[in-house]
Asker: 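Mind having a look at this structure? Questions to follow.
Everything quoted here is computed from the prediction, not taken from an experiment. Numbers restart at 1 for each chain; the letters A, B, ... are given by sequence-line order, proteins then strands. All heavy atoms count here, side chains included; hydrogens, waters and symmetry mates do not.
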Protein chains: 2
Amino acid sequence: MNQGFLAERLGRYLRLVESERDALGELGEAERLVPRGTVLRAEQASARELYVVERGWLYSSILLPDGNRQILSIHLPCEFAGDAGMPWDKAPFTLIAATDAMVRIIDKAALRALFERHPRLGLLLYTLAQAERVALADRLASVGRTSAKARVAALICDISSRLRAGGEDVTHGIPLPLTQEEIGDATGLTAVHVNRMMRQLAEEGLIARTHGRVHILDETRLAGVANHIDRFATIDTSWLPTG
Amino acid sequence: MNQGFLAERLGRYLRLVESERDALGELGEAERLVPRGTVLRAEQASARELYVVERGWLYSSILLPDGNRQILSIHLPCEFAGDAGMPWDKAPFTLIAATDAMVRIIDKAALRALFERHPRLGLLLYTLAQAERVALADRLASVGRTSAKARVAALICDISSRLRAGGEDVTHGIPLPLTQEEIGDATGLTAVHVNRMMRQLAEEGLIARTHGRVHILDETRLAGVANHIDRFATIDTSWLPTG
DNA sequence: CGACTTTTTGAACGGCATCAACGACTGTGG
DNA sequence: CCACAGTCGTTGATGCCGTTCAAAAAGTCG
């Protein structure tokens with residue numbers, strides 16, 4: 001699996017042929033280790049590359065002039081990071097490592113070559129970009145129109161189902177290596193209120209917490225209060241060309 | 001410009017060659033007239049197609065179980081609508097006409113053919129999808145981390161700069177054919193509070209309002225209270241293959 | 001152990017929601 | 001041309017959810 005993080009991710013959605021696997025394997029130029037808390041790429045920094053998370057978690061965020069921060073999305077292993085910056089030569093967001101992490105660096109030019117030589121993979125990447133857009137839209141609905149408790153629940157549900165989609169065993173709790181401050185920045189709340197909502201979810205028997213991990217006790221009810229829809233579970237690639 | 005809405009839009013970012021223009025012209029199968037308030041496509045409805053707005057405004061929204069609604073994005077003339085639904089066979093959002101509108105219908109299969117025959121256009125579509133994702137992220141930051149006044153201001157700035165990017169003359173005010181209820185659903189506020197914030201923006205001399213139109217009096221200050229960044233003005237396609 | 005970050009809890013405040021009512025406008029049918 | 005209904009905009013009064021401020025407890029790392 002050494003050269004295969006990208007192929008593994010894309011292979012979840014499409015049966016890849018040999019030449020496609022090879023092309024994906026050659027895509028990444030270099031790896032980079034990013035210790036927890038480090039800025040991998042700052043807003044407005046030059047952005048000629050994108051990343052694939054190989055280990056650890058990253059997140060992208062925007063800093064507002066008044067010092068407020070919004071975390072836009074969390075990037076789990078095997079997912080892209082920084083790909084939303086493609087349309088610009090300066091990064092629109094800041095990328096930070098939530099845990100010690102390892103990323104593989106992919107150059108824009110390499111992505112261009114991939115689209116030209118493997119249009120089918122291009123179409124798949126397009127499709128996945130649209131799926132990310134929908135994920136962001138779901139978060140917008142959560143932040144714009146639901147209560148604090150629902151937002152925190154939604155974050156937990158989202159991470160859980162993405163970890164599960166990534167093949168991780170979720171039955172014995174999931175890691176949640178984010179400070180309550182970070183959870184607040186992701187959900188549009190203060191750290192103080194995040195704390196209260198987590199406690200409330202625990203008191204209601206929906207989750208249990210143990211230093212850095214969360215155990216989902218009642219998945220159905222939690223998804224209910226969160227208004228969660230697991231969209232990534234049902235991605236339809238049947239209309240893509242066959243390899 | 002009869003066959004060229006898509007070519008016109010994409011031509012803003014890339015100098016298209018003849019064969020590409022032809023391919024884009026043949027992409028749309030049919031047109032459809034959508035009167036104001038009509039649902040073009042409901043959440044969960046079968047979704048084998050996407051749309052290009054030819055006239056009028058649409059918006060996509062999610063309806064929460066409690067009856068709350070979040071408007072996710074507004075689709076202006078020459079923009080795509082429903083393209084975020086590509087990864088699924090059921091539509092993730094509802095598409096509604098904000099004004100009487102005309103859309104051109106594009107089949108998923110036609111898009112697939114476009115990617116295969118014109119990888120460069122595929123890459124451009126991928127890039128634009130990422131740009132839409134960033135626009136959504138900016139809205140998330142607005143809704144999650146700014147005041148009611150800032151959110152309303154941001155909506156006005158966003159629409160204004162997109163209309164301008166579309167070639168519309170913005171100096172004598174912009175149309176805003178949305179009810180305050182709809183503006184509230186887009187910004188995560190109630191219609192009542194939208195009203196108050198609009199009045200406040202007017203009292204502060206930032207905007208002027210006349211039935212259905214808004215005049216931006218002080219663009220710099222308005223962009224300031226909105227934390228607005230005009231990202232679409234600077235899309236960089238220099239790394240794409242040359243035609 | 002000491003400095004720092006993170007979590008937790010309490011008390012008081014405020015922005016936005018909620019509820020309610022009225023006015024302005026639009027279209028429709030008599 | 002007017003009566004009427006329906007939608008939308010406007011304004012006031014009240015209340016609650018989440019913020020802000022403050023401080024202590026618990027965890028982490030040198």
Asker: Can you say whether a donor on the side chain of B:Arg196 sits under 3.5 Å from an acceptor on the base of D:dG12, or the other way round?
Answerer: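 Answer is yes: a donor-acceptor pair is held.
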Asker: Under the rule for side chain to side chain donor-acceptor pair (under 3.5 Å), what residues qualify as partners of B:Ser73, not counting sequence neighbours?
Answerer: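 Checked B:Ser73 against side chain to side chain donor-acceptor pair (under 3.5 Å); matches are B:Ser60.
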Asker: Does anything in residues 167-184 of chain A pair up under salt bridge (charged side-chain N to carboxylate O under 4.0 Å, His left out), and if so which pairs, sequence neighbours excluded?
Answerer: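 Listed once each, the pairs would be none.
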Asker: Does anything in residues 219-235 of chain A form a salt bridge (charged side-chain N to carboxylate O under 4.0 Å, His left out)? List the pairs, not counting sequence neighbours.
Answerer: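 The answer is A:Asp138-A:Arg231, A:Arg164-A:Glu219, A:Asp218-A:Arg221.
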Asker: Check every nucleotide of DNA chain C for an atom under 4.0 Å from a heavy-atom of chain B, then give the first and the last such nucleotide from 5' to 3'.
Answerer: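 Contact span on the strand: C:dC16 to C:dC19.
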Asker: Considering residues at least two apart in sequence or located in another chain, which fulfil the side chain to side chain donor-acceptor pair (under 3.5 Å) criterion with A:Thr146?
Answerer: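 Scan of A:Thr146 (side chain to side chain donor-acceptor pair (under 3.5 Å), adjacent residues dropped) gives none.
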Asker: Can you run down the salt bridge (charged side-chain N to carboxylate O under 4.0 Å, His left out) pairs that involve residues 190-203 of chain B, sequence neighbours left out, and say none if there aren't any?
Answerer: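 Those involving residues 190-203 of chain B are B:Arg199-B:Glu203.
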Asker: What's the separation between atom OG1 in A:Thr38 and atom CG in A:Leu58, rounded to the nearest 0.5 Å?
Answerer: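 Between atom OG1 of A:Thr38 and atom CG of A:Leu58 there are 10.0 Å.
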Asker: Under 4.0 Å between a Lys/Arg side-chain N and an Asp/Glu carboxylate O for A:Asp100 and A:Arg55?
Answerer: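 No, this pair does not count.
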Asker: Kindly say whether B:Trp57 contributes a backbone atom to a donor-acceptor pair with the side chain of B:Thr99 at under 3.5 angstrom?
Answerer: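 Yes.
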Asker: Any donor and acceptor pair, going by atom type alone, linking the side chain of B:Gln70 with main-chain N or O of A:Ser142 inside 3.5 Å?
Answerer: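 Not a single qualifying donor-acceptor pair exists.
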Asker: Kindly write out the residues that satisfy salt bridge (charged side-chain N to carboxylate O under 4.0 Å, His left out) with B:Lys149, not counting sequence neighbours, or none if the list is empty.
Answerer: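 Residues passing salt bridge (charged side-chain N to carboxylate O under 4.0 Å, His left out) with B:Lys149: B:Glu204.
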Asker: What integer distance in Å separates A:Asp66:CG from D:dT19:P?
Answerer: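 About 14 Å, once rounded to whole Å.
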Asker: Using whole Å, report how far CZ of B:Arg199 lies from C1' of D:dG12.
Answerer: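 After rounding, the reported distance stands at 11 Å.
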Asker: Give the minimum heavy-atom separation between A:Leu76 and A:Ile159, together with the two atoms involved.
Answerer: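 Shortest heavy-atom separation between A:Leu76 and A:Ile159 comes out as CD1-O, 4.3 Å.
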Asker: Would you say CZ of B:Arg12 has more than 12 non-hydrogen atoms from neighbouring residues, nucleotides or ligands within 6.0 angstrom?
Answerer: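 Counting neighbours around CZ of B:Arg12, more than 12 heavy atoms of other residues, nucleotides or ligands fall under 6.0 Å, so yes.
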Asker: Of all of residues 209-217 of chain A, which get a heavy atom below 4.0 angstrom from DNA chain D, listed by number?
Answerer: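 Heavy-atom contacts with DNA chain D come from no residue of residues 209-217 of chain A; none.
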Asker: Check the distance between D:dT11's C1' and B:Met197's CE and give it to me in whole angstrom.
Answerer: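 Rounding to the nearest Å, CE of B:Met197 and C1' of D:dT11 are 13 Å apart.
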Asker: What distance separates B:Asp158 CG from B:Arg151 CZ, expressed to the nearest 0.5 Å?
Answerer: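 Interatomic distance, B:Asp158 CG to B:Arg151 CZ, rounded to 0.5 Å: 15.0 Å.
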Asker: Going by heavy atoms closer than 4.0 Å, what residues in residues 138-151 of chain A are next to DNA chain D?
Answerer: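 Contacts with DNA chain D under 4.0 Å: A:Ser147, A:Ala148.
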Asker: Let me test you: for the helix from C:dC1-D:dG30 to C:dG30-D:dC1, what is the angle between the axes at its two ends (five pairs each), rounded to 10 degrees?
Answerer: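 Between the first-five-pair axis and the last-five-pair axis there is 40°.
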Asker: Would you please name every residue forming a salt bridge (charged side-chain N to carboxylate O under 4.0 Å, His left out) with B:Asp185, sequence neighbours left out?
Answerer: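 Scan of B:Asp185 (salt bridge (charged side-chain N to carboxylate O under 4.0 Å, His left out), adjacent residues dropped) gives A:Arg145, B:Arg69.
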Asker: Which ones in residues 178-193 of chain A lie close to DNA chain D, meaning a heavy atom under 4.0 Å from one of its atoms?
Answerer: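 The answer is A:Gly188, A:Leu189, A:Thr190, A:Val192, A:His193.
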